[in-house]
Amino acid sequence: MKKIALLPISLFAALSITACGDSESGNPVTPEGGSQPALSSEALPGSSDALPTSSATVPGSSETVPPASSAAVPASSATVEAPVEFTTDAVALPDMGCTSEPLSFGSGVKLTCNGEYVGNILEDSDTSPFDPNAAAYTSFVGIKKIFAALQPTDKAVFILRHAHRTSSTDVDGVLTGLGYEQAITVGKQIAGTEEIKYWHSEIPRTMQTSMAIAQGRGQTEFSHVALKELNGGWFEKDHAKVEEYNATVSSSYDVVSRWAYNEYPDPTVNYNEGFYDLMERGTQFMSEIILAKVVPQSRISVVISHDQMLYPLTIFATNRLLEMKHHEDKSWLNFLAGVAVIVHADGSIKYVPVMGLDEGTMSS
């Protein structure tokens with residue numbers, strides 16, 4: 001496992017990825033992942049002075065990021081054969097010029113960055129208790145509830161989408177001021193002195209999200225490592241085929257949604273040539289990445305990835321019972337939402353749809 005090199009933002013020019021657009025353009029976009037070769041972990045800038053100070057609003061649509069190269073190789077290639085090597089860095093967030101004030105309604109804050117209103121950060125309004133013994137979970141649960149319910153003998157992995165980003169869908173798309181504050185808020189919900197290790201993709205915004213969560217927890221430094229398997233293309237088998245599918249629909253989100261839920265308007269059409277089987281590939285990711293690599297390293301872990309990875313993974317984790325069908329109601333995975341993996345002392349495992357913000361889904 002390679003350590004992360006801290007490189008200047010100027011290297012982005014040689015590493016940029018062609019974006020498929022965003023909702024501001026009025027054109028459909030391709031969900032994160034599945035279009036370019038994976039970046040080396042050396043391409044990840046980490047210095048805070050390499051980050052922009054603007055906080056431009058970004059649409060809820062997903063972006064194009066490099067796919068995990070393991071999606072095109074035998075499953076055995078994901079097996080870890082050597083200890084994972086972490087890089088430990090100081091938590092140093094850029095000054096995004098943000099201030100907050102309590103909302104006049106509900107619980108949460110109104111955020112202003114550089115004198116411009118950028119959004120609200122709301123608290124989870126669901127007062128129903130979290131049942132750690134439920135047989136299955138079919139709706140999102142606040143991360144604070146899950147964290148509080150963990151037993152000392154439990155292990156937990158929170159696999160989350162990154163926070164709010166700038167409008168760029170390329171590799172240089174980074175967190176906005178709103179995104180940093182969102183991630184800090186999530187960190188406050190899982191605050192404590194126990195060490196947490198962070199895992200993220202090779203795309204800068206996921207490391208930035210990890211760092212902001214660490215600050216929210218009260219950490220002055222954090223241990224982290226980049227995994228190419230988190231880049232976004234884990235479920236995609238043949239990108240050319242996926243592009244063919246996208247050309248036949250008004251929104252590429254619908255392709256991913258119909259494949260994940262195995263629902264097609266025409267029974268003679270399916271997307272199996274472009275995507276792996278959801279259940280088999282989801283099981284492989286949990287087994288070979290989460291349980292084999294992540295869980296052994298720390299009792300509590302935070303994994304930050306992208307929506308192309310986490311939208312289907314969340315559907316897999318709930319056995320398709322979670323209602324997040326974009327092809328029916330335009331719902332999509334929200335920032336800082338995903339799956340909590342809880343491993344009990346007896347070896348049993350539970351998957352819980354988790355949200356770091358007040359909602360697990362967004363409209364795209």
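No experiment lies behind these values; they were computed from the predicted model shown.
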Pair His200, Thr209: side-chain N/O donor-acceptor within cut-off below 3.5 Å: no
Centroid-centroid under 6.0 Å between Tyr198 and His224 rings: no
task: Applying side-chain hydrogen bond (donor to acceptor under 3.5 Å, both in side chains), run through Tyr351 and Thr314 and close with a yes or a no.
output: CA-CA 9 Å; Tyr351 300 146; Thr314 306; over 6 Å; no
Trace of the side-chain hydrogen bond (donor to acceptor under 3.5 Å, both in side chains) decision for Arg205 with Gln208: CA-CA 5 Å; Arg205 52 187 167 271; Gln208 294 161 357; over 6 Å; no
- request: For the residue pair Phe275 and Tyr245, categorise the inter-ring angle as parallel (less than 30°), tilted (30 to 60°) or perpendicular (more than 60°).
  value: parallel
side-chain contact (heavy atoms from CB on, under 4.5 Å) partner of Glu181, the single match among Ile121, Val186, Thr176: Ile121
query: Taking ILVMFWY side chains as joined if any heavy atoms are under 4.5 angstrom apart, and letting links pass through other members, which residues group with Leu103?
result: Phe105, Leu122
- request: Examine Leu322 and Met279 and state if one hydrophobic cluster contains both, with Ile, Leu, Val, Met, Phe, Trp and Tyr joined whenever side-chain heavy atoms are less than 4.5 Å apart.
  value: yes
message: For residues Val84 and Phe285: do they belong to one hydrophobic cluster (side chain heavy atoms under 4.5 Å, members Ile, Leu, Val, Met, Phe, Trp, Tyr)?
response: yes
statement: When Thr185, Val91, Ile190 are each screened for side-chain contact (heavy atoms from CB on, under 4.5 Å) with Ile213, the one that passes is Ile190
- prompt: Can you list the residues that meet the side-chain contact (heavy atoms from CB on, under 4.5 Å) rule with Glu101, with sequence neighbours excluded?
  reply: Lys110
task: May I ask you to say whether Glu288 pairs ionically with Lys293, meaning some side-chain N is under 4.0 Å from a carboxylate O?
output: no
message: Just by distance, no angles: are the side chains of Thr206 and Ser201 close enough, under 3.5 Å, to form a donor-acceptor pair?
response: yes
Sequence neighbours left out, cut at 3.5 Å: what donor-acceptor pairs do the side chains of residues 333-350 make with other protein atoms?
| from | atom 1 | to | atom 2 | distance (Å) |
| --- | --- | --- | --- | --- |
| Asn334 | ND2 | Glu359 | O | 2.9 |
| His344 | ND1 | Asp154 | OD1 | 2.8 |
| Asp346 | OD1 | Ser348 | N | 2.9 |
| Asp346 | OD1 | Ser348 | OG | 2.6 |
| Lys350 | NZ | Pro132 | O | 2.9 |
| Lys350 | NZ | Asn133 | O | 3.4 |
| Lys350 | NZ | Ala134 | O | 2.9 |

task: Spell out, as yes or no, whether a donor-acceptor pair under 3.5 Å connects the side chain of Asp277 to the backbone of Glu280.
output: yes
- request: Indicate yes or no for a side-chain donor-acceptor contact from Glu202 to the backbone of Ala226 under 3.5 Å, with no hydrogens or angles considered.
  value: no
- request: State which residues pass side-chain hydrogen bond (donor to acceptor under 3.5 Å, both in side chains) with Gln215; sequence neighbours excluded, sorted by chain then number.
  value: none
message: Taking side-chain hydrogen bond (donor to acceptor under 3.5 Å, both in side chains) as the definition, give me every residue that meets it alongside Thr318, ordered by chain and number, with sequence neighbours left out.
response: none
- prompt: Which atoms form the tightest heavy-atom contact between Leu230 and Trp199, and what is the distance?
  reply: CD1-C, 4.0 Å
- request: Tell me whether the centres of the aromatic rings in Tyr264 and Tyr271 are closer together than 6.0 Å.
  value: yes
query: Between Lys237 and Glu273, is there a salt bridge with N-O shorter than 4.0 Å?
result: no
- request: Establish, yes or no, whether the cationic atom of Lys197 lies under 6.0 Å from the six-membered ring centre of Phe86 and within 45° of the ring axis.
  value: yes
Residue of the set Arg320, Arg258, His327 for which side-chain hydrogen bond (donor to acceptor under 3.5 Å, both in side chains) holds with Glu263: His327
query: side-chain hydrogen bond (donor to acceptor under 3.5 Å, both in side chains) with Asp126: which residues, sequence neighbours excluded?
result: Ser128
